[in-house]
Every structure is written in structure tokens, then in C-alpha cells.
There are 4 protein chains.
Amino acid sequence: MAVQKPTQPAPGKPAPDSTRRSEKSRRAIYDAALALVVEVGYPKTTIEGIAARAGVGKQTIYRWWSSKADVLMEAFLDLALREAGPAPYTFPDTGDLAADVKGVLRATVDQMNDPRFDVPSRALAAEGVVNEQLGRELVAKLMQPSLDLYIDRLRAAQDAGQVRPEIDPRIALELFISPLAQRWLQHTGPISHEYTDALVDYALHGLAPR
Amino acid sequence: MAVQKPTQPAPGKPAPDSTRRSEKSRRAIYDAALALVVEVGYPKTTIEGIAARAGVGKQTIYRWWSSKADVLMEAFLDLALREAGPAPYTFPDTGDLAADVKGVLRATVDQMNDPRFDVPSRALAAEGVVNEQLGRELVAKLMQPSLDLYIDRLRAAQDAGQVRPEIDPRIALELFISPLAQRWLQHTGPISHEYTDALVDYALHGLAPR
Amino acid sequence: MAVQKPTQPAPGKPAPDSTRRSEKSRRAIYDAALALVVEVGYPKTTIEGIAARAGVGKQTIYRWWSSKADVLMEAFLDLALREAGPAPYTFPDTGDLAADVKGVLRATVDQMNDPRFDVPSRALAAEGVVNEQLGRELVAKLMQPSLDLYIDRLRAAQDAGQVRPEIDPRIALELFISPLAQRWLQHTGPISHEYTDALVDYALHGLAPR
Amino acid sequence: MAVQKPTQPAPGKPAPDSTRRSEKSRRAIYDAALALVVEVGYPKTTIEGIAARAGVGKQTIYRWWSSKADVLMEAFLDLALREAGPAPYTFPDTGDLAADVKGVLRATVDQMNDPRFDVPSRALAAEGVVNEQLGRELVAKLMQPSLDLYIDRLRAAQDAGQVRPEIDPRIALELFISPLAQRWLQHTGPISHEYTDALVDYALHGLAPR
DNA sequence: ATCTAAACGAGACGGTACGTCCTGTCTTTCG
DNA sequence: CGAAAGACAGGACGTACCGTCTCGTTTAGAT
């Protein structure tokens with residue numbers, strides 16, 4: 001009888017009972033949301049449209065999500081988890097840091113060029129830029145796991161003497177990732193394996209002559 | 001900088017005569033747009049709201065701009081030009097590349113922490129992520145001029161033997177700028193002078209031991 | 001008076017077992033329905049609201065009634081029976097037709113000015129105007145018993161030579177009742193004892209001079 | 001520039017400028033409303049449905065009317081005025097009161113049996129029963145003009161000595177009209193010329209023997 | 001006294017309509 | 001003719017209820 005949801009103080013709403021939630025509807029909503037974003041773009045994707053395409057009442061969306069961005073984030077997260085498979089997060093460690101990072105970045109490049117990932121994640125990124133709360137959620141749920149792997153790999157490289165010990169891995173990884181992300185988001189240049197390879201070389205050895 | 005598209009022969013529309021345009025209305029629209037974006041955020045800023053606040057008919061906006069983002073981009077561009085003053089774009093060259101870049105990045109950091117710049121430029125960046133055409137315009141009009149200065153300075157450093165000659169300055173500058181931009185846009189870490197100083201050091205000397 | 005429709009062979013539904021019906025729920029639903037109609041008016045009275053106020057599941061209402069109007073009609077009928085007491089329907093016969101009818105009409109006037117009766121019966125009357133089936137039920141269950149008493153009394157008056165024998169009592173009673181009902185429903189004039197007294201005099205003696 | 005509507009204190013809304021109102025839309029809305037009410041009934045007639053059928057935005061309805069009932073009342077009033085023609089309201093006076101009233105009531109009966117009048121006016125009557133404000137408007141705009149003609153005719157009959165001088169015409173006319181209206185609204189009996197003829201005879205000569 | 005089938009409370013579901021807001025177009029009036 | 005004003009068709013918003021459909025949980029009759 002109790003209206004559970006002890007984690008949140010429940011400001012006004014009675015909080016729905018998640019044990020009764022329809023799995024079928026959730027899946028249909030995820031699929032509809034992702035399909036619509038790819039087909040018509042994020043701004044023209046509407047909650048009404050998602051509901052109609054999923055064969056679902058609007059209230060079923062509003063009951064479980066707070067906004068269009070929220071729906072899309074979960075849908076995309078779900079997609080990412082399904083794609084990644086049961087053993088999701090690993091980072092190669094062949095002993096050759098440059099080669100390992102280049103490999104991972106090439107995979108990232110390939111994903112950026114796949115519209116199924118590109119369109120929804122651009123939309124989410126854009127929303128996160130303007131909506132700080134969503135942005136933090138995005139980072140925490142979608143990006144942080146991958147970033148942690150970078151950090152681990154960089155630490156291993158430090159232990160192996162391939163990276164200077166005073167380097168902060170948290171900042172170092174941005175030298176690889178941020179330029180790529182920026183190019184991708186802002187269309188400021190081609191996204192290619194050559195580009196990310198160069199990025200790794202520049203970052204590892206610096207711009208100044210030795 | 002021209003607002004209307006003189007390049008296009010106007011397939012259906014009569015194309016307004018820009019010589020008769022009301023300067024007062026344009027200013028009022030710029031001011032209203034920027035104020036609203038700062039006050040209520042980009043998504044809640046509407047064309048109707050801008051028109052009402054500017055004391056202007058909606059048609060006056062639709063006559064000269066094609067979208068909310070277009071209005072805001074011009075308004076922000078205008079703001080940037082007015083702030084920069086009559087001698088806008090320069091990049092210091094004391095001979096010490098690291099110091100020069102650190103100085104410029106510290107100024108950028110300060111601007112990012114000023115809400116008058118932060119809010120509108122976030123909004124524009126977000127819009128550009130999702131709307132490629134606008135994104136390209138943004139880059140060309142707002143960012144390219146500054147980026148070119150970085151490139152010039154890096155080239156000078158190459159001439160002075162402070163940067164390896166085989167380095168592509170177009171990619172090199174991303175090592176400074178993208179991590180900062182990314183942190184700023186995605187709230188993934190503090191934006192401080194210490195951070196940008198570290199960025200410059202890492203980028204110039206690389207992560208690997210010498 | 002039976003609630004469920006034993007006459008209908010239940011085309012698709014299993015037909016609930018009325019012997020197991022919860023009397024407590026029925027009472028709670030009646031009370032909630034009447035209270036809500038008086039408090040917020042008929043249009044804003046909803047089945048969900050009745051269920052919530054009665055502490056009852058919606059299905060319990062849908063199981064036993066077919067519509068909001070149906071619920072209210074039964075609730076009101078129940079109220080009327082409880083108010084009338086165990087010996088409900090009588091009509092005075094003192095031998096003075098005018099006085100007898102005036103007395104009954106005065107009681108009707110008093111009831112029309114009691115919100116507990118006024119509000120629900122207005123709502124039902126309105127619904128019956130638009131929904132013919134409900135209208136007929138209303139007339140049959142709520143009004144016909146009283147009307148029959150009028151007819152009996154008029155017949156007795158005819159036998160006593162106080163009413164012309166060729167008069168149809170079914171039409172005659174409308175001369176008393178309909179003007180009052182009309183005024184009440186349409187707010188076309190004050191509802192008072194003086195008014196109904198005048199009505200009886202006019203109807204009995206006619207408008208034309210003798 | 002003034003936001004007129006001096007009759008109402010304009011609590012919050014800016015009050016639309018009626019001089020700019022689209023006559024075409026108004027007509028389309030009237031037609032759609034009347035057609036829908038006749039076709040699907042009042043409860044299933046929705047504002048969205050009217051707007052869709054009229055090829056009009058919902059806001060155009062909400063701008064000028066406050067409710068579905070309000071739309072329908074104006075639409076019906078407009079219909080009544082158009083049907084009545086340019087010389088609308090007259091009441092025959094042949095010197096024979098009974099014949100004159102019978103004639104008018106027969107015409108009323110015929111109208112009650114025409115679905116184009118029956119359905120919308122039932123709906124309005126029902127709404128007016130429950131919504132007092134609307135009910136008063138209905139009476140004032142739709143019924144009062146006709147009632148006044150009855151009163152005038154009855155006064156003339158009093159002057160001619162055909163009706164007792166102490167009779168209040170305002171009450172007297174209800175003896176003719178209310179029974180008919182009540183039968184019609186409540187389906188309590190057939191609506192026919194014979195019935196109204198009898199009504200007139202009963203009312204004029206009374207029920208009691210002379 | 002136990003079993004069992006139903007009625008029950010609760011409320012999620014697919015829907016419809018609500019009344020509001022904004023879009024982008026069009027029209028009227030003024031300067 | 002540009003501009004202020006704002007009505008218009010259209011359509012998405014988020015909310016409220018509709019009537020249906022499960023879920024456990026009483027509860028009352030038959031065992």
C-alpha cells in the first residue's frame with residue numbers, strides 16, 4: 001500500500017509502482033524514440049510522436065520519464081548496453097600505449113560515423129550542454145565508465161615508465177578524447193583514423209622539439 | 001555578416017529591402033534576445049517573447065532572420081564585436097609560446113565564467129551540435145577568426161624552432177582548446193587557470209618521458 | 001430497483017454475482033457521488049473522483065454501473081427513499097382539491113430549495129434531456145410514482161364533481177407541475193408558495209372569465 | 001492600441017480585437033458545431049472536433065468563446081435568426097385568443113420535431129439546467145423575445161375581455177408553454193397538435209366545472 | 001475449518017480531449 | 001513600403017479522465 005520511492009522525497013506526485021511496469025511498453029518506447037531521432041532529427045521528435053509510434057498512451061511516457069531528453073537518454077543507454085554485449089567494458093593493454101589508444105580511438109571514430117549512434121548521441125550531447133543536470137547524468141552514465149578505462153590504462157603506462165609520473169591521467173586523457181569529440185560535435189574537421197593517430201602521437205610526444 | 005541571403009535569388013519571397021531596415025528594431029531585438037536567453041534559458045526563449053520584449057512585431061523578426069538560433073547568433077556576434085572593441089583580434093607574441101598561450105587561455109577561462117557569454121554561447125553551441133548548417137556558420141563567424149590567430153602564433157613558433165616543423169598547427173591547437181571547450185560544455189571538470197596552464201604544459205611537452 | 005440487468009443475457013461479460021456484492025462499497029459510492037455533485041457540480045464529478053473519495057477501486061464502480069449518470073441516479077433514488085421514510089407515497093385528500101394540491105406543491109417547492117435535492121436532481125434532469133434512455137428511466141423510477149398520485153387525486157376529484165369529467169388527468173396534472181418544474185430548471189422566475197398557489201387557482205378556474 | 005472590451009473588467013486576458021475577426025471562420029465554426037451536434041450528439045461534440053471540421057485552429061475558438069456550450073448557443077442563435085428571416089417576431093391576433101395560441105403552439109410543435117432544432121436546443125437546455133449563468137443567457141437571448149409576444153397577446157385579450165383582468169400574464173403563459181416544453185424535454189408524452197390544442201382549452205377554461 | 005472463486009483496492013495501460021503556448025503566415029493600420 | 005499589432009491554421013505541450021486490464025488481498029459460500 002505504501003507509495004514507495006524512498007530514495008526521493010516525492011515532492012508532489014504519488015510515484016508509480018515500478019513493479020507493475022509494462023516491459024513491452026518500455027521497449028516499444030525505446031525503439032520508437034531512437035528510430036524517430038534518426039529519421040526526423042531530435043527537434044522534430046516529439047513525445048506525442050514517440051507515443052504514437054510506440055502504440056502507447058502519452059501518459060505512459062510522462063509516468064516514467066520527465067522529458068524527451070530523459071526518454072532518449074535511457075533509450076540510448078539501453079541501446080549501448082545491448083550493443084556492447086554482456087562483457088562490455090575493456091581496454092586493450094599490449095604494453096604499447098600508443099597502439100592501444102589508437103585502436104580504441106579508431107573504434108570510437110567508427111561509432112561516430114554510424115548514424116544509429118551519431119544522431120542520438122549528438123542530440124543528447126546538445127541537450128546536456130544547455131541542461132546541466134542532464135549533462136551530468138549523461139557524463140556519469142554514458143561516458144564515465146569509458147573514461148575510467150582510459151585512466152586505468154594511463155596509470156598502467158605510468159607504472160611501466162611510458163608516461164611521466166607527474167602527469168594527471170584525468171587531464172591527459174582529454175588530450176586524446178576532447179579534440180576528437182570537439183571535431184565530431186562541431187563539424188570542425190574530418191573524423192578519420194589518420195586524425196586520431198596523429199592526435200595520439202602529438203599528445204604523447206608533445207609539440208615542442210625534444 | 002549580411003543577414004539576408006543576397007546570394008540566393010529568393011525563389012518565392014520578394015526579398016526585403018535592407019536599406020530601409022529599422023536600426024532601432026534590430027538593436028532592440030538583439031538586446032531582448034540576449035536578455036531573455038540569460039534570464040530564462042534558451043529553450044524558454046521564444047520568438048514571440050523576443051518580439052514582445054523588443055516592442056516589435058513578430059513579422060519584423062521573421063522578415064530578417066530565419067530562426068531563433070539565427071537571431072541569437074547575430075545578437076551574440078554583435079555583442080562579441082562590441083565587447084572586443086574596435087581593434088579586436090590579436091594574439092600576443094613575446095617569444096615565449098607557453099606563456100602566450102597560457103595568457104590567452106586564461107582570458108578564455110574568464111569569459112567562460114561570465115554568464116553574459118556563457119549562457120548564449122552554450123545555447124548556440126548546443127544548437128550547432130544538432131543543426132549542422134548553423135554549426136558551420138557558428139564556427140566560421142564566431143570561432144574561426146580566433147582559431148586563425150592560434151594557427152599564426154603556432155606557425156611563428158615553428159619558425160622560431162619552438163615547435164617541431166612536422167606538426168600540423170590545425171591539429172596542434174586542438175590540444176589546447178578542445179579539452180577546455182569540452183570541460184566547459186560538458187561540465188566534466190573545473191574551469192580554472194591552473195587547468196589551462198597544465199594543458200599547455202602537457203601539450204607542449206607530451207605525456208611520454210623525454 | 002435491481003442494479004444489474006438480469007433481463008439481459010450478458011452478451012460478452014460474465015455478469016457479476018450480486019449476492020457477493022459489498023454493501024459497504026455501495027454505500028460509500030452513493031455518499032461520495034452525492035457529496036461530490038453538491039460540492040463541485042455534476043460536470044466536475046468524475047468516476048475516478050467518486051472512487052477515490054469512496055476508497056474504492058474504479059472497477060467496482062464499472063462492475064455495477066454503466067455510467068456516471070447511472071451511479072448518480074441510483075444514489076439519488078436511494079437518498080430519496082431514505083428521506084421519504086418507510087411509508088413513502090401518499091397524497092392528501094381532504095375533499096378540497098385546491099388545498100390538497102397547493103399543499104403538495106408547497107412541499108415540492110421546499111425540496112427544490114434544498115441543495116441536497118436541488119443539485120443532484122438538476123444534474124439528472126439535464127442528463128435526461130440529452131440522453132433519452134436515461135431520461136425515461138428517470139421518469140419511470142423517480143417521477144412516475146408521484147405523478148400517479150396526482151392522477152389518482154384528480155380522478156377522485158372528478159368523481160366528486162370538482163373537476164369536469166371530460167378532462168384527461170394525465171394532461172391536467174401538467175398544468176400544475178410543468179410550470180413549476182420549468183421555472184425551477186430554467187431559473188425563469190422565483191420558486192415560492194405564492195407562485196404555486198396562483199398556479200393551482202389559474203389551472204382550476206382557467207384564464208377566461210366565467 | 002487600447003485593449004477595448006469596456007463592458008468587462010478583463011481580469012487577465014488581453015481581449016481580442018473584434019474588428020479583425022474572420023467572418024469566414026465564424027461561419028465555419030457555427031456550421032461545424034451545429035452539424036456535429038446533430039450528427040454525433042452534444043456530449044461527443046468536442047471543441048477539437050468543431051475546429052477540425054471547420055478547418056480552424058483550436059485557438060480561434062478559445063479566442064472568441066469560453067466553452068462548447070457558448071459556441072453552440074451562438075451558433076443556434078444565428079441559425080434561429082437566419083431561419084426567422086428579416087421580420088422575425090410576430091404573434092397573430094385574429095381576435096380569437098384560443099385559435100391564435102393554438103396556431104403558435106402548433107408551429108412550436110413542428111419545430112420541436114425538426115432535428116435541426118431539436119438536437120441543439122435540447123443540448124443547450126440541458127446545459128442551462130446545470131450551468132445557471134448559461135441558463136440565464138439562454139432564456140434572455142433565445143426565449144424571452146418569444147415570451148414577450150405571448151405576454152402582449154394575453155394583455156390584448158385582457159383588454160378585449162377574453163381573459164380575466166386579475167390574471168398575471170407572466171404566469172398565465174406558462175400554462176400553455178411549460179407543459180409542452182416539459183413533455184418535450186423529458187419525453188413524458190407525445191408532442192402533437194392535439195396535445196397543444198387540449199392544453200389551450202384546459203388552460204383557458206380551467207379544470208373545474210363552471 | 002479449509003478451500004476456492006469472486007469481488008475488491010489499487011493503479012498501469014492505450015486513448016481522447018482538454019486548454020495553453022508557440023510557430024510561421026497573413027492582413028490591417030499607421031507613419 | 002517597413003513596421004507594430006495581432007488574428008489565423010496548425011500542432012505539441014503536459015494534464016485529467018475515460019474504460020479496460022491486470023495485480024495481489026480479502027471474503028464469503030461451498031466443501
Side-chain angles (χ1 to χ4, degrees), chain A residues 1 3 14-22 24-25 28 43-49 51-52 54-64 66-68, chain B residues 13-14 16-22 24-25 44-49 51-52 54-64 66-68, chain C residues 13-14 16-22 24-25 44-49 51-52 54-64 66-68, chain D residues 1 3 13-22 24-25 28 44-49 51-52 54-64 66-68:
Chain A
M1 191 133 333
V3 176
D17 177 351
S18 52
T19 65
R20 300 201 145 184
R21 188 166 180 183
S22 160
K24 212 179 73 181
S25 294
K44 291 197 162 182
T45 297
T46 65
I47 291 194
E48 290 207 334
V56 138
K58 276 202 289 179
Q59 200 57 42
T60 300
I61 298 184
Y62 285 110
R63 183 156 29 233
W64 301 110
S66 63
S67 64
K68 177 170 74 164
Chain B
K13 312 276 182 65
D17 177 352
S18 55
T19 64
R20 305 191 57 170
R21 185 167 181 185
S22 160
K24 211 179 73 182
S25 294
K44 291 197 163 182
T45 298
T46 65
I47 292 196
E48 288 206 335
V56 138
K58 276 201 293 180
Q59 198 55 41
T60 301
I61 297 183
Y62 283 109
R63 185 155 28 232
W64 300 108
S66 63
S67 65
K68 177 171 74 165
Chain C
K13 311 276 181 68
D17 176 353
S18 55
T19 65
R20 309 191 57 166
R21 187 167 181 185
S22 161
K24 211 178 74 180
S25 294
K44 291 196 162 183
T45 297
T46 66
I47 291 195
E48 290 207 335
V56 138
K58 278 201 290 179
Q59 199 56 35
T60 300
I61 296 184
Y62 284 109
R63 185 155 28 231
W64 302 109
S66 65
S67 65
K68 177 171 75 165
Chain D
M1 187 132 334
V3 176
K13 311 274 182 68
D17 177 351
S18 54
T19 65
R20 302 199 140 183
R21 186 165 183 185
S22 161
K24 212 178 73 180
S25 293
K44 291 196 162 183
T45 297
T46 65
I47 291 194
E48 289 206 335
V56 137
K58 276 202 291 179
Q59 200 57 42
T60 300
I61 297 184
Y62 284 109
R63 187 160 22 238
W64 301 110
S66 63
S67 64
K68 178 171 73 163

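Throughout, a chain's letter reflects where its sequence line sits, starting with A, and its residues are numbered from 1. Predicted, not measured: the structure shown is a model, and the values here were computed from it. Below, each value reflects all heavy atoms present in this structure, side chains not excepted, and no hydrogens, waters or symmetry copies.
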*If the sugar-phosphate is the primed atoms plus P, OP1 and OP2 and the base is the rest, what is the B/S/- string for nucleotides 8-14 of chain F, using protein heavy atoms under 4.0 Å?*
BBB-BBB

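Here the closest heavy-atom approach between residue A:A54 and residue A:A28 is recorded as CB-O, 3.5 Å. For the pair B:I61 and B:V56, the tightest heavy-atom approach, listed with the atom from each and the gap, is CG1-CG1, 4.2 Å. Nearest heavy-atom pair, C:W64 versus C:D17, reported as atom, atom and distance to 0.1 Å: CH2-O, 3.7 Å.
We find that CG of D:D17 is positioned 11 Å from P of E:dC30, with the value rounded to whole Å.
Axis angle across the helix from E:dT4-F:dA28 to E:dG31-F:dC1, with five pairs used at each end and values rounded to 10°: 20°.
Side chains of D:R63 and D:T60 form a contact here, defined as non-hydrogen atoms less than 4.5 Å apart.
A donor-acceptor pair is defined here as one N or O able to donate and one able to accept, closer than 3.5 Å; such a pair exists between the side chain of C:K68 and the backbone of C:T45.
Residues satisfying the side chain to side chain donor-acceptor pair (under 3.5 Å) test with D:Q59, not counting sequence neighbours, are none.
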